[in-house]
Amino acid sequence: MPFSHHGSWFGISPVVAPHRQAEDLHLVSHQGGMHAVLRLTPVHPGTGGVARSTWHATPARLTWQGETGQVQLAYESCDTVRLLGRGLGLLIRAAAAELTPFSGTYFYRDPVDGSFHFTSYETGRRYRITLLKGVAAAEGAEALGTAVRSVVLSGADEWEAAVEEIESARRPYLPDGAFAAVAARGEEAFRTFAEAVTAGPADVAPAAELAAYVLWSATVRPAGFVRRPAVLMSKHWMDKVWSWDHCFNALALAPGLPDLAWHQFRLPFDHQDDSGALPDSVTHSEVLYNFVKPPVHGWALRRLRERLPRPPTAQHLTEVYGSLARWTDFWLTARTAPGRRLPHYQHGNDSGWDNATTFRTGRVAVTADLTAFLVLQSAELSELARALGKREEAERWLRAADSLQEALVELLWSGGRFRSGSPYGGGLSASRSLLDLMPIVLGERLPREIGERLAERIASHLTPYGLATEHPDSPHYRADGYWRGPIWAPSTVLIEDGLRRAGHTDLADDISRRFLSLCEKSGFAENFDALTGEGLRDRAYTWTASAYLLLADDRARREAEQTRR
């Protein structure tokens, strides 16, 4: 889990690349992608040799503890960290050993104020180090090619310094208070955030505060293509906002931080193209359109409106209605073949379930989950149109929802299960992927018999830890198979909600309980081994933390309602 601060584009972490962990902590920036810029190594203040140390952190203070002393780091602001050392020095060096005309880090000392600058090609930013107290010894200043570029901070008793991520220039650094005051402000900032997002589940969800830290520390300020405050999926290598992940973060934030929640929901719509499509992902320096993501936004907006402490304004509803209508029309035109009644995905990536076995027999596929989401989205558009006084449009969207659902059952429900097909024609196929059971999201709209069959099949995917995305008995099940086995947060939340609305509350309660316990055991990984509960891949994933907070809050609300009765 990286150590970072709300609004910052960099963090302190040993994770320097996908699935790669260094021995030392690094300053890792996410402007221009994920780039380890500076390597941070505790050293003996007298000899300069590497000092054995361990590190630990609270939400506001990171500490290297050595035999002779310690170094502490705290964020003064979202682009500045303060360092304080006693009995231990710190070697700060460029993570890239080689400087070329197009890559690496240039190092020099600024004649204006005596500060040291590491200028990174990869991030396009400068990292200014200002000594406040003690001694600084530099090596490799102005060197080209392959060289050690570093500065050692130390002091006979105590030393202090600041590290800033800046653009081209900034006035000489002046400290904003003593180190202890800086750390105290960071602690207060986190506590304020945590109290807002854990108000409901705090006493019944022991991992709520840690989940809050994952969200708080992964939030960045507007910069580049990110035009709003944004919760990245992670401050590891998954440092983007994908166009369905953001919905789950919005739902978790909604009760306590409604403005930040609304920004999360709206962010991908800032880049909606002329066809109505949303981008696959948005990050600091790129917006990708090579794939899309599933239209869960109608479902999410309905839940978001339920969870916000105050209704969206008429202006907000008008804006979101137009965006959501264009997004829905994209699927009904650009992704529905002539003469066909149901839309299709062009690849598993479009579904968010990249390699699910639903797509084994054909990547371009008509699947039941897609139509189910569009039914809910059309129904939500009908509600929005009615709220905005657009009666004819409300009726049109309601007819679209009913027509899509009728076609879904007529064309894809066969032999007691939903199947998938090809927009080119031909027969239907079935898989043992949980994705084929996703139409449970229709909840109360489902015919009772279909809801019961789906619930039975969903229950068979349950392991002691939650819902396996591929049935454990399937020959295609893989423990770390991405969407071919592991437990994921979004599928858990969507299915739990659908089951509850379809009347299968006991099963929904069981799924919720198992997922909450899983996070309390294994943290907030991108996904989890369905048979052992081990966290897999990225270990600080925001939609997992949000799913935990959302499910815990829902449980707390239900228990409070039962108490009132």
Side-chain angles (χ1 to χ4, degrees), residues 1-22 24-40 55-62 73-75 77-81 95 120 122-125 127 163-165 186 189-190 193-194 197 209-226 228-242 245-246 248-249 252-253 260 263-264 267 281-286 489 523-527 535-546 548-549:
M1 187 175 296
F3 178 78
S4 192
H5 190 277
H6 192 80
S8 180
W9 279 92
F10 68 86
I12 310 298
S13 174
V15 179
V16 295
H19 312 294
R20 183 179 159 203
Q21 185 165 317
D24 289 324
L25 295 179
H26 285 64
L27 186 152
V28 182
S29 179
H30 298 275
Q31 300 198 62
M34 179 188 182
H35 301 289
V37 181
L38 301 176
R39 184 172 180 175
L40 310 174
W55 65 74
H56 62 272
T58 66
R61 193 184 303 231
L62 170 66
L73 180 151
Y75 276 82
S77 67
C78 59
D79 63 11
T80 302
V81 295
S120 168
E122 283 74 17
T123 69
R125 300 297 183 274
Y127 300 84
V163 182
E164 303 164 272
E165 184 177 56
F190 170 68
F193 181 94
V197 300
E209 183 176 274
L210 193 60
Y213 181 78
V214 172
L215 292 175
W216 183 78
S217 64
T219 302
V220 295
R221 67 188 185 280
F225 287 112
V226 177
R228 304 167 182 266
V231 180
L232 303 178
M233 288 315 297
S234 172
K235 277 186 181 165
H236 287 322
W237 59 90
M238 306 294 277
D239 55 356
K240 299 183 180 183
V241 176
W242 275 268
D245 312 43
H246 67 111
F248 301 92
N249 290 335
L253 295 169
L260 184 58
H263 280 310
Q264 301 324 296
L267 191 148
S281 62
V282 179
T283 192
H284 176 269
S285 300
E286 66 178 15
F524 305 107
E526 182 182 5
N527 48 53
L536 303 172
R537 300 173 183 268
D538 195 322
R539 303 298 297 274
Y541 218 63
T542 57
W543 74 359
T544 309
S546 287
Y548 179 86
L549 291 171

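Numbering starts at 1 and runs along the sequence shown.
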Checklist entry - Closest approach of Ala218 and Thr542, non-hydrogen atoms and distance? => result CB-CG2, 3.5 Å

Item to check | Stepwise side-chain contact (heavy atoms from CB on, under 4.5 Å) test for Val220 and Leu232 | outcome: CA-CA 7 Å; Val220 295; Leu232 303 178; 3.7 Å; yes

Checklist entry - Would you call Asn249 and Leu215 a side-chain contact if the rule is heavy atoms closer than 4.5 Å? => result yes

Next on the checklist: Contact between Thr58 and Phe190 at the side-chain level, heavy atoms closer than 4.5 Å - yes or no?
Outcome noted: no

Next on the checklist: For the backbone of His30 and the side chain of Lys235, can you confirm whether one donor and one acceptor N or O come within less than 3.5 Å of each other?
Outcome noted: no

Checklist entry - Would a 4.5 Å heavy-atom cut-off, applied to side chains only, mark Leu260 and Pro229 as touching? => result yes

Checklist entry - If you take all heavy atoms of Ala57 and Phe3, which pair is closest and at what distance? => result CB-CD1, 3.9 Å

Next on the checklist: Between His246 and Gln264, is there a side-chain donor-acceptor contact under 3.5 Å, judged purely by atom types and distance?
Outcome noted: no

Checklist entry - For the ring pair His5 and Trp216, is the centre-to-centre distance below 6.0 Å? => result yes

Checklist entry - Counting only N and O atoms by type, is there a donor-acceptor contact under 3.5 Å from the side chain of Ser285 to the main-chain atoms of Gly32? => result yes

Checklist outcome for this item: Separation between OG (Ser546) and CG (Leu253), nearest 0.5 Å, reads 6.0 Å

Item to check | Student check: side-chain heavy atoms of Arg539 and His236 closer than 4.5 Å | outcome: no

Checklist entry - Per the side chain to side chain donor-acceptor pair (under 3.5 Å) rule, which among Glu165, Arg125, His35, His284 passes with Ser29? => result Glu165

Checklist entry - Got Tyr548 and Leu210 here, is their nearest side-chain heavy-atom distance under 4.5 Å? => result no

Checklist outcome for this item: Closest heavy-atom pair, Trp237 versus Asp538, reported as atoms and distance to 0.1 Å, is CZ2-N, 3.9 Å

Checklist entry - Rounded to the nearest 0.5 Å, what separation is found between the OG atom of Ser281 and the CE atom of Met233? => result 11.5 Å

Checklist entry - Could you state the interatomic distance from OG1 (Thr123) to CD (Gln31), rounded to the nearest 0.5 Å? => result 7.0 Å

Checklist entry - Do Thr80 and Val163 have side chains that get closer than 4.5 Å, going by heavy atoms? => result no

Checklist entry - With side chains defined as the heavy atoms from C-beta onward, is the minimum distance between Met1 and Val214 less than 4.5 Å? => result yes

Next on the checklist: Tell me the closest heavy-atom pair linking Thr544 and Glu526, and the distance in Å.
Outcome noted: OG1-O, 4.0 Å

Checklist entry - Is there a side-chain contact between Trp9 and Val226 (heavy atoms, below 4.5 Å)? => result yes

Next on the checklist: Let me confirm one number: the CD1-NE2 distance from Ile12 to His26, rounded to the nearest 0.5 Å.
Outcome noted: 10.5 Å

Checklist outcome for this item: All heavy atoms of Met34 vs all of Val16, minimum pair found to be CE-C, 3.7 Å

Checklist outcome for this item: Taken to the nearest 0.5 Å, the spacing of Asp24 CG from Leu38 CG works out to 12.0 Å

Next on the checklist: Parallel, tilted or perpendicular, judged at 30° and 60°: which one describes the rings of Phe248 and Trp543?
Outcome noted: perpendicular

Checklist entry - So how far is it from Leu536 CG to Asn527 CG, rounded to the nearest 0.5 Å? => result 5.0 Å

Next on the checklist: Quick check: closest heavy atoms across Leu549 and Ala211, and the distance to 0.1 Å?
Outcome noted: CG-CB, 3.8 Å

